[in-house]
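Comments concern the structure below.
All of these numbers come straight from a predicted model, not from anything done at the bench. Order of listing sets the numbers, starting from 1, for every ligand and every atom in it.
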Amino acid sequence: MMRQVELVERVKRYDPSADEALLNRAYIYAMVAHGSQKRASGDPFVAHPLEVAAILTDLRLDAATIIAAVLHDTIEDTGATLDEINRIFGPEIGSLVDGLTKLKKLDLVSKQAAQGENFRKLLLAIAADLRVLLVKLADRLHNMRTLAFMPPEKRRRIAEETLDIYAPLAGRMGIQEIRDELEDLAFRTLKPEAHETITKRLSDLTHRSEGLTGEIETSLKAKLAAGGIDARVSGRQKRPYSIWRKMERKSVAFEQLSDVFGFRIVVDGIGECYQALGIVHTAWPMVPGRFKDYISTPKQNDYRSLHTTVIGPQSQRVELQIRTPEMEEIAEYGIAAHALYKDGKTDPSHLGSESRAYQWLRRTVDLLAEGDSPEEFLEHTKLELFHDQVFCFTPKGRLIALPRGATAIDFAYAVHTNVGNSAVGAKINGRMAPLFNELQNGDEVEIVRADGQMPPPAWESLVATGKARAAIRRATRASVRRQYAGLGRQILERAFQRAGKAFSDDKLKGALPRLARTSIDDVLSAVGRGEMFSGDVVRGVYPDYKDERRGGGEARDEARSSRGGVNGGGPAPHAIPIRGIDPDLPIRFAPNGGAVPGDRIVGILTRGEGVTIYPIQSQALAAFDNDPESWIDVRWDIEPGEERRFPSRLALQSINEPGSLAQIAQVIADHDGNIENVSMKRRTEDFTEVTIDLSVFDLKHLNAIVSELRAKPAVNRVERVLA
Ligand code: MN
């Protein structure tokens with residue numbers, strides 16, 4: 001546990017003017033307040049706030065922040081009161097401790113609505129004084145480091161919250177060091193096996209490539225020295241979590257990620273950065289498209305550096321970051337670096353208020369005032385945490401901020417839901433452009449509208465904002481309902497005509513109680529959807545009506561109505577959970593690599609066979625390109641958490657060595673996947689092609705298996721096979 005003198009020493013080292021007496025009082029105060037309390041690890045509780053304070057002294061934060069860290073758990077967990085802390089330590093420290101106490105009560109992984117609301121509170125608290133966030137992050141970091149002592153369920157929740165909220169927030173504030181450690185600790189908790197596999201392979205790799213790393217480093221230093229540049233060159237450590245994320249996101253194998261060497265070059269000034277870049281590019285060929293100048297255009301979190309990739313002395317790819325010591329500080333400590341004591345002029349309570357990271361926070365907090373629902377706000381903000389933004393303008397100059405990757409459709413919905421729903425085209429910077437074009441910073445976007453339009457359901461996959469997605473879903477539901485109602489009306493008109501009975505809305509209205517429906521529309525769309533049968537409606541309106549005819553459609557209606565019943569209401573569920581298809585049609589999945597929930601799907605109607613469901617990326621669909629009538633818009637009809645399995649197929653290339661197949665089977669078994677069939681073909685002495693038919697719950701489940709297979713040393717390549 002950190003001793004009292006050590007705490008004072010640590011602060012005095014970077015801030016000689018710090019109030020020593022107050023630091024001492026805080027130490028004693030926390031010590032007395034926490035008394036004999038213990039942590040789950042068995043350590044005295046007070047060790048925790050002291051460790052948190054120690055982490056913050058590494059960031060060289062002002063004494064008020066350090067003291068607030070020492071006191072951060074006192075009000076919640078001990079007899080201490082805010083009044084007392086205000087009295088002893090003054091209002092500045094008091095309000096920091098108060099902010100931290102309020103944050104303690106927030107549960108950010110609870111139900112969606114509460115989560116959104118809590119996230120809103122979190123952002124409000126940290127926007128009031130960024131130092132609250134810094135203490136909170138250090139608090140979380142220490143808790144993550146000591147997570148092993150918690151019960152497993154709690155461990156998971158804390159790790160998820162860390163990965164969802166705190167790590168991205170640290171990243172957004174540019175505090176790379178803390179973000180990296182939080183991510184890796186959470187990754188280790190959530191996927192211990194994947195973490196272990198990757199860590200082990202990384203250390204093998206470091207071992208094997210030691211010679212080469214040294215060679216590149218020496219060579220870099222020599223070239224720079226010859227060019228008159230005084231530089232510090234160091235190899236960059238790869239982190240397990242970032243490797244894992246790339247494997248997941250880019251679907252590449254470990255090997256493809258690992259033959260890249262990373263180095264950092266630190267030079268004295270900005271001029272030297274560009275000189276060093278010139279020297280490197282002269283010595284080795286650069287890889288096109290990889291050069292980024294974050295010095296002239298810094299990232300949103302204030303990160304600055306030159307990035308480039310070159311082909312090194314032994315034809316390997318070498319990634320370089322070139323920066324000054326100041327940029328290095330910002331890269332590691334982000335917004336906290338703005339508070340570093342240099343000339344004593346920094347006002348810590350306005351910490352980083354000039355920086356872009358801080359401006360982002362302010363903007364986000366301003367958005368809170370617009371009164372979105374908490375869920376929407378959460379989705380919106382989470383997206384923003386992960387992506388940088390693009391800023392676009394309406395023709396009248398109104399600024400619309402969107403997450404990167406947003407399209408003109410997102411833009412339209414951001415302006416107004418009605419604008420989105422009636423959009424038919426866009427003018428981007430004065431020229432007509434497709435609505436699904438990705439927007440760039442500074443684009444001026446004019447949405448072309450037409451009345452009576454409805455957004456096509458396919459738009460849902462073309463948007464990046466939660467607002468647009470929700471609006472499209474709503475509009476689609478409404479329009480599908482209208483279509484079904486129209487169809488239902490046609491069916492009923494014909495049915496009544498056949499029965500020789502008059503059909504009108506008034507008559508239908510009178511029969512609503514008997515039909516157990518609340519509105520005419522409800523009846524019409526139920527009939528259109530196949531949930532209710534025309535014969536039942538005729539009998540509902542004319543209870544005395546008897547259908548004398550036998551055979552044909554009506555007979556079938558009778559047969560079904562005995563199952564569904566007039567008041568039975570519910571649809572007869574398909575054996576295959578797909579919506580959008582007449583329940584009478586036979587339906588099946590395309591064999592050999594079919595769709596699983598989460599895939600975007602399409603139905604193909606063929607005469608005599610019914611409907612076959614394909615994943616939208618399926619090659620087989622090309623055969624129906626010229627036959628648009630056979631394409632049916634379908635959707636999954638499955639509840640989250642429904643434990644149904646669906647067949648899918650993977651093709652693997654595995655290395656011929658004892659135990660390879662066992663490793664593969666183990667991964668699938670560990671993930672609760674069912675192997676239905678395995679076939680193998682030995683291609684060469686070294687490799688075997690393996691085809692695995694397995695059944696999974698959904699796409700996420702399948703992807704988790706694929707990612708983990710990719711991490712296995714015995715597996716060279718994994719692809720999903722689509723019908
Ligand atoms: Mn704490």
Indicate the ring-plane relationship of His307 and Tyr303, choosing parallel, tilted or perpendicular according to the 30° and 60° boundaries.
perpendicular
Could you pull out the atom name of the N/O/S atom in [X] that is nearest the Mn ion (ligand 1)?
X	result
His48	NE2
Asp73	OD2
Asp139	OD1

Give a yes or no on whether a salt bridge exists between Glu329 and Arg60, defined as a side-chain N under 4.0 angstrom from a carboxylate O.
yes
Phe45 six-ring centre to Lys38 NZ/CZ under 6.0 Å and within 45° of normal
no
Under 2.8 Å from the Mn ion (ligand 1), is there an N/O/S atom belonging to His142?
no
To the nearest 0.5 Å, tell me how far Ile67 CD1 sits from Ile93 CD1.
4.0 Å
